There are 2 protein chains.
Amino acid sequence: MDWTDLQHFLALAREGTLSAAARSLGVDHVTVARRVAALEASMSLKLVDRRPRSYELTEDGKRIAKIGAPMAETAFAVARAVQASKSEIGGEITISAPPSLANLLIAPKLIRLLQQHPGIRIKLIGEKRTASLNRREADLALRLSRPTEPGLIARKVGYFEFALYGSPDYFKTTPPHAFAFVAYDSSMDEVPQQRWLMRFAASREIVLRTNDLENQAAAARTGLGLAALPKFLGETDPLLERFDIGGRPVGREVWLVVHRDLRRTPTVRAVAGFIEDCLA
Amino acid sequence: MDWTDLQHFLALAREGTLSAAARSLGVDHVTVARRVAALEASMSLKLVDRRPRSYELTEDGKRIAKIGAPMAETAFAVARAVQASKSEIGGEITISAPPSLANLLIAPKLIRLLQQHPGIRIKLIGEKRTASLNRREADLALRLSRPTEPGLIARKVGYFEFALYGSPDYFKTTPPHAFAFVAYDSSMDEVPQQRWLMRFAASREIVLRTNDLENQAAAARTGLGLAALPKFLGETDPLLERFDIGGRPVGREVWLVVHRDLRRTPTVRAVAGFIEDCLA
DNA sequence: GTCCATCTGTGCGAATTCTCACAACAAGAT
DNA sequence: ATCTTGTTGTGAGAATTCGCACAGATGGAC
């Protein structure tokens, strides 16, 4: 049995579509289709139903995928072990962080890290979705809440507060009872800063909902309304002015997460230390 | 990371040499060498020391091999699951058995099984070394003692006794005190039939030691001396005559072994039933 | 309705990989 | 000493595999 065929099939089972599996493996979707077909041929077993716009696993396929899934886990464990075997500082480290943290706090200071350790190459991915450290989509991650997945080591490295910001002109022309607001879309209704904003807005209008914090900031700058932004973003921007409201401010903790297998790797430790400095 | 590279490296780690790994994988040894080299390159990690006549794992290599070993286990579990998914009777079944049992009790009756189930193809391997059911080197195995490995289901399907045999001429020309004997080589000194033979031979001479039971029978037929042979072998051979001695006869149990994952597979059940009949 | 994004399928040329045959070498048996 | 067996290494041609470009088809957004 060809292990690469199995790898492609397991990726398909995990991702759901040929194309997604292909992206996750870094190959062409045609390759995934061919390898799955080859696996079926070698097993003389139908693993997927080929429907017009989707591949659907057969019962046999589901069972095989379930039994084979630990192979992928182990493969990632091997990858981590390889990374952990590197004793000298260097190589590529992938950092996953919320976009705003990545852009404003990490990226501007990266130059310092690279000067100190010329061998290191950093891959910084600012994504909303949390990258999987288990699958080694990232070596280090910044999260806004403590992760619960097994095998991960989390450490609280910072805390920041939100405040309401708008353009200086906006405050001159608009009385508080006529304020309009900019918020996340409804999928984020449960995060603390959104609840805080909604409670303050009460019946006043939400004129823009966007997934992207940077978009909210841009909207606030142009005078669309008020947005709940981290202070580290709002305070440094001359086009934004804070609007103080009473009550307890809302804030989020920042957790630095690393896989247990990589904890002691010199390169990872160096980068982790650097990130802590950025957040301090 | 290429899973096939890993597969080849793990095979090398398990088998010890390029050639053995290549045999176990069914590929050329050059392929194993290349894939291991490719794996090292992709990891930027030295996994083996290339010595003149052997590959030796480095410390890193040993660690990686240990961490990755479960992948091979899982791959074999998948292979068993595939076999178990076949609902209709048919396909290739591999049986491992001691050579004498295979040749005398199984092989002659195979025709009956194949007539009854034309879809089945049997691969019968008569080997001294016990094939690994976990690695799916065989689907069914006959063993002379109860296996202890986890995951295996064993069932006692037979029992046979040994007796001493020589050629009829030999008994006419040789008095008991001058008997010579034929035995297994010293690696088998601990098996019951060998201990039984040695105790009876006492100080009389062992003129031939051979690994192969068929060779012992042949030697006894030509009048070289007495050999301890299973009764199912000796009694049916006109060129052999039994020499009865007192005391409790020595015998061995026959166990039919199957992996838990394959227990309920129709084809395996059919073949297992057939083997039971052979031994009855 | 139209456009756009996404998914799977097909054909072909290019790049890669594998096997084969042969070589060199060592160890053990004859 | 010679022969056999088993190991790794090298080079070349053949077979395989991959990616690209394009097509068809569907569902959602506008």
Side-chain angles (χ1 to χ4, degrees), chain A residues 1-43 46-58 61 65 127-129 185-187 208-212 215, chain B residues 1-43 46-58 61 65 127-129 185-187 208-212 215:
Chain A
M1 174 164 31
D2 185 322
W3 283 25
T4 304
D5 286 350
L6 206 51
Q7 174 187 32
H8 284 66
F9 169 69
L10 292 173
L12 172 63
R14 180 159 47 81
E15 303 288 340
T17 70
L18 280 189
S19 304
R23 272 191 300 275
S24 131
L25 294 169
V27 298
D28 198 276
H29 69 93
V30 185
T31 303
V32 181
R34 273 189 296 238
R35 298 214 82 118
V36 171
L39 186 66
E40 284 183 310
S42 82
M43 290 176 165
K46 203 161 176 312
L47 297 173
V48 292
D49 283 329
R50 287 153 182 84
R51 317 202 123 277
R53 277 185 54 63
S54 69
Y55 268 42
E56 193 169 348
L57 267 62
T58 62
E127 275 191 325
K128 280 99 189 171
R129 68 178 269 279
D185 65 47
S186 56
S187 71
L208 172 65
R209 280 171 170 274
T210 169
N211 204 10
D212 190 295
N215 285 346
Chain B
M1 178 163 28
D2 186 322
W3 283 25
T4 304
D5 286 350
L6 248 181
Q7 175 186 30
H8 284 66
F9 168 69
L10 291 173
L12 171 64
R14 179 160 46 83
E15 303 289 340
T17 70
L18 280 189
S19 305
R23 270 192 302 276
S24 132
L25 293 169
V27 298
D28 198 276
H29 67 93
V30 185
T31 303
V32 181
R34 263 193 309 247
R35 298 214 82 118
V36 171
L39 187 66
E40 284 183 310
S42 83
M43 291 177 164
K46 204 161 175 311
L47 297 173
V48 292
D49 283 328
R50 288 155 180 83
R51 318 202 118 276
R53 280 188 47 66
S54 69
Y55 268 43
E56 192 168 348
L57 268 62
T58 63
E127 276 191 325
K128 281 101 189 167
R129 71 178 267 280
D185 64 48
S186 55
S187 71
L208 172 64
R209 281 174 168 271
T210 170
N211 203 12
D212 190 296
N215 285 345

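Please read all numbers here as calculations on a predicted model, not as lab measurements.
First and last contacts of DNA chain C with chain B, using any nucleotide atom under 4.0 Å from a protein heavy atom and ordered 5' to 3', fall at dT17(C) to dA26(C).
Residues Arg209(B) and Asp185(B) approach most closely at NH1-C, 3.4 Å, considering heavy atoms. In this structure, Ser24(A) and Arg14(A) approach most closely via the heavy-atom pair OG-NH2, 4.1 Å.
Looking at heavy-atom distances under 4.0 Å, Ser19(B) makes contact with a base.
Contact check on Arg35(A) versus Glu40(A) returns no salt bridge, with no Lys/Arg side-chain nitrogen under 4.0 Å from an Asp/Glu carboxylate oxygen.
By the salt bridge (charged side-chain N to carboxylate O under 4.0 Å, His left out) test, Arg34(B) is found to be paired with no residue, residues two or more places apart in sequence or in another chain being considered. Residues passing the side-chain contact (heavy atoms from CB on, under 4.5 Å) test with Asp212(A) are Lys128(A), Thr210(A), Glu214(A), Asn215(A), sequence neighbours excluded. Residues forming a side-chain contact (heavy atoms from CB on, under 4.5 Å) with Arg53(B) (at least two apart in sequence, or on another chain): none.
Between Asp2(B) and Leu39(B), the closest side-chain pair of non-hydrogen atoms is not below 4.5 Å. Looking at heavy atoms from C-beta onward, Val36(A) lies out of side-chain contact with Asp5(A) at the 4.5 angstrom threshold. No side-chain heavy atom of His8(B) sits under 4.5 Å from any side-chain heavy atom of Leu12(B).
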All N/O pairs under 3.5 Å across the protein-nucleotides 13-23 of chain D interface:
{"unit_1": "dC18(D)", "atom_1": "OP1", "unit_2": "Arg35(A)", "atom_2": "NH1", "d": "2.1"}
{"unit_1": "dG19(D)", "atom_1": "OP2", "unit_2": "Asp28(A)", "atom_2": "N", "d": "3.4"}
{"unit_1": "dG19(D)", "atom_1": "OP2", "unit_2": "Thr31(A)", "atom_2": "OG1", "d": "2.5"}
{"unit_1": "dG19(D)", "atom_1": "N7", "unit_2": "Arg34(A)", "atom_2": "NH2", "d": "3.0"}
{"unit_1": "dG19(D)", "atom_1": "O6", "unit_2": "Arg34(A)", "atom_2": "NH1", "d": "3.1"}

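A donor-acceptor pair under 3.5 Å is absent between the side-chain atoms of Ser19(A) and the main chain of His29(A), judged by distance alone.
Computed from coordinates, the Leu18(A) CG to dA25(D) C1' distance equals 15 Å when rounded to whole Å.
DNA chain D lies under 4.0 Å from at least one heavy atom of each of the following residues of residues 46-54 of chain A: Arg53(A).
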